[in-house]
Undergrad: 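The structure that follows is given in the form of structure tokens.
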Amino acid sequence: MHDKTLAELATGLKTREFSSVELTHAYLNRIQRHQALNAYITVTEERALAQAQAADDRLAKGEGTALTGIPLAHKDIFCTLGIKTSCGSKMLDTFTAPYDATVVERLDQAGAVMLGKLNMDEFAMGSSNETSFYGPAHNPWNSECVPGGSSGGSAVAVAARLAAAATGTDTGGSIRQPAAFCGITGLKPTYGRVSRYGMIAYASSLDQGGPMTRSAEDAAVLMQVMAGFDPKDSTSVALPVPDYRASLDDSLAGLKIGLPKQFFSDQLDSRIAKVIQDAIADYQKLGATIHDVSLPSLNLAIPAYYVIASAECSSNLSRYDGVRFGYRCQNPADLTDLYTRSRGEAFGAEVKRRILMGTYALSAGYYDAYYLKAQQVRRLIRDDFKRALTEVDVLMGPVTPGTAFKIGAKTADPLQMYLEDIYTIAINLAGLPALSLPAGFVEGLPVGLQVIGDYFAEARLLNIGHGYQQLTDWHLQAPVQPTQEDL
Ligand code: GLN
């Protein structure tokens, strides 16, 4: 059961081949057996079974949507009413959200079953899931390796079949990079396409939620519910949501693919470059044409991002003061002691580093030199993409410079960790949508192909992903062989 696509699961539920309660039990059993992967922070078994029962009742009446009765899980950055929402931090280890994020509410209303909350880097800061207060999640292809981050638990859950699909968020690569490391499909939508209401803020001008699934088709099913205007989010865009599944089978003949030369520099592992070249050759078989393009300001993306993201995080995280919610230190001597000890004891090292960098970049006298400069660079990067996307329909390249690395390999050197996002970060600065697709393996570890589209071109990206997944079977490879008891 757990090896079926969302569409197959929906059919199985509708035809009563299995019930949502049975399906939910199957996933809960798998979660139990694969606890060592550390994908989940919280498993909401009782609630899941109650939702499954309600879904079965709806289905028995012939009601329901494409997601009714299907077990999903959320990155623990999305607020869930009455359920712990930790954001991977000791700061929120005891925090129970008083409301649901819009994304959670919409999926709930569609009848999806929530299995639980997924592991992630603390406050979504990281590229390996190692900054989580709950310890790293493990890559199901090789448990000594990281799953990527920050949506590491989401990628592990989908790849290891511990949820039929999951939500994630992407500020600088956190959907696409773990999707690539775990061999699944991840879509970072255009900024403003998916509501950020109830999604704990890291860097508000960059954060965007999106689906993490086994295929582009599954991503279309999830996006259909997740996307759309939300009056509770002032940055959400009031554009109609297209039917994402309707265009999945459109022809790719004549598709103009741009290859940014900066994506194929010496920093890229040559074996990954080969995987990407093969994927591009597959697109040529589907009728696409290939063009060289240039994004001259791309090399400025990492420094600009780390100034902007740190500045925004220092402001967003100022709300964790030991007073309003989250962790509070024992016996504070006075107010200053309460603030400093609560924050000092509950934030991890990486979060503190970002807050310090951000506070510095925003302080009087440095603001123009750092923050303003970074915003100017951001504009140049956006202009580069806009120019390239007038010449071609989409851009393609790698998601990451290498495959999943060993746990602990990069924790001592933050800069090495930051360079993990060299191919993903610029897309967030520009606010564009991008898709990560499984495209092959290097030494048994998955490699992702990145497809970057124009603003609000998610339907086209999913169509391009689906076309490739009709021709190849990389997305069907599974790391954990299903055992008899799972079937
Ligand atoms: N790795 C990047 C960072 O640490 C991106 C994280 C993300 O997209 N949330 O900021």
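It should be emphasised that the depicted structure is a prediction, and the values quoted were computed from it without experimental measurement. Throughout, numbering of the chain's residues begins at 1 and tracks the sequence. Whatever order the structure lists them in is the order used to number ligands and atoms, beginning at 1.
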Undergrad: What protein heavy atom sits nearest atom 1 (N) of ligand 1, and how far off is it?
TA: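 Result for atom 1 (N) of ligand 1: Asp421 OD2, 2.6 Å.
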Undergrad: Going by the side-chain contact (heavy atoms from CB on, under 4.5 Å) test, name the single residue among Val103, Ile70, Leu107, Leu187 that passes it with Leu222.
TA: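 Going through the options one by one, the only one that passes is Leu107.
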Undergrad: Taking 4.0 angstrom as the limit and counting only heavy atoms of Ser150, give me the atoms of ligand 1 inside it, by number and element.
TA: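 The atoms of ligand 1 under 4.0 Å from a heavy atom of Ser150 are 9 (N).
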Undergrad: Which of these passes side-chain contact (heavy atoms from CB on, under 4.5 Å) with Arg176: Asp421, Thr400, Asn428, Leu437?
TA: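 The side-chain contact (heavy atoms from CB on, under 4.5 Å) with Arg176 is passed solely by Asn428 among Asp421, Thr400, Asn428, Leu437.
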Undergrad: Pick one of side chain, backbone, both or neither for how Tyr305 approaches ligand 1, counting any non-hydrogen atom pair under 4.0 Å.
TA: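 For Tyr305, the contact with ligand 1 is made by the side chain alone.
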Undergrad: If we set the cut-off at 4.0 Å for heavy atoms, which region of Thr171 has an atom near ligand 1: side chain, backbone, both, or neither?
TA: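 Within the 4.0 Å criterion, Thr171 contacts ligand 1 through backbone and side-chain atoms alike.
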Undergrad: Distance under 4.0 Å to a non-hydrogen atom of Tyr306: what atoms of ligand 1 satisfy this?
TA: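 Those of ligand 1 that fall under 4.0 Å from Tyr306 are 1 (N), 2 (C), 3 (C), 4 (O), 10 (O).
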Undergrad: Answer yes if the ring centres of Phe181 and Trp141 are under 6.0 angstrom apart, and no otherwise.
TA: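 Here the rings of Trp141 and Phe181 have centres that are no less than 6.0 Å from each other.
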Undergrad: I'd like to know if Gly126 contacts ligand 1, where contact means a heavy-atom distance under 4.0 Å to any ligand atom.
TA: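 It does, in that a heavy atom of Gly126 comes within the 4.0 Å cut-off of ligand 1.
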Undergrad: Using a strict 4.0 Å cut-off to heavy atoms of Met125, name the atoms of ligand 1 that fall inside it.
TA: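 Going through ligand 1 atom by atom, the ones under 4.0 Å from Met125 are 4 (O).
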Undergrad: What are the atoms of ligand 1, with element, lying closer than 4.0 Å to any heavy atom of Ser174?
TA: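 The atoms of ligand 1 under 4.0 Å from a heavy atom of Ser174 are 5 (C), 6 (C), 7 (C), 8 (O), 9 (N).
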Undergrad: Could you check whether Tyr320 and Phe123 have their ring centres less than 6.0 Å apart?
TA: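 Ring centroids of Phe123 and Tyr320 are less than 6.0 Å from each other.
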Undergrad: May I ask you to check whether Asp170 has an N/O atom sitting below 3.5 Å from an N/O atom of ligand 1?
TA: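 Checking ligand 1 against Asp170, no N or O pair falls under 3.5 Å apart.
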Undergrad: Within 45° of the axis and under 6.0 Å from the centre of the six-membered ring of Phe405, does NZ or CZ of Lys410 qualify?
TA: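 Output yes; distance and angle both within limits.
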Undergrad: Closer than 4.0 Å to some heavy atom of Arg354 - which atoms of ligand 1 meet that?
TA: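 Atoms satisfying the 4.0 Å criterion: 3 (C), 4 (O), 10 (O).
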Undergrad: Give the atoms of ligand 1, by number and element, whose distance to some non-hydrogen atom of Gly173 is under 4.0 Å.
TA: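 Counting atoms of ligand 1 from 1, those under 4.0 Å from Gly173 are 8 (O).
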Undergrad: Answer yes or no on whether Lys90 is positioned over the face of Phe347, meaning its NZ or CZ is under 6.0 Å from the six-membered ring centre and within 45° of the axis.
TA: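 Judged by the rule, Lys90 and Phe347 form no cation-pi pair.
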Undergrad: Out of Ser154, Ser174, Ser151, which one pairs with Lys75 under the side-chain hydrogen bond (donor to acceptor under 3.5 Å, both in side chains) rule?
TA: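 Going through the options one by one, the only one that passes is Ser151.
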Undergrad: Within the supplied structure, the quantity of interest is the number of heavy atoms (other residues, nucleotides, ligands) at a distance under 6.0 Å from Glu144 CD; does it exceed 12?
TA: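 Atom CD in Glu144 is not crowded, with 12 or fewer foreign heavy atoms closer than 6.0 Å.
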Undergrad: Considering only heavy atoms of Ala124, which atoms of ligand 1 have at least one such atom less than 4.0 Å away?
TA: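 That gives atoms 6 (C), 7 (C), 9 (N) of ligand 1.
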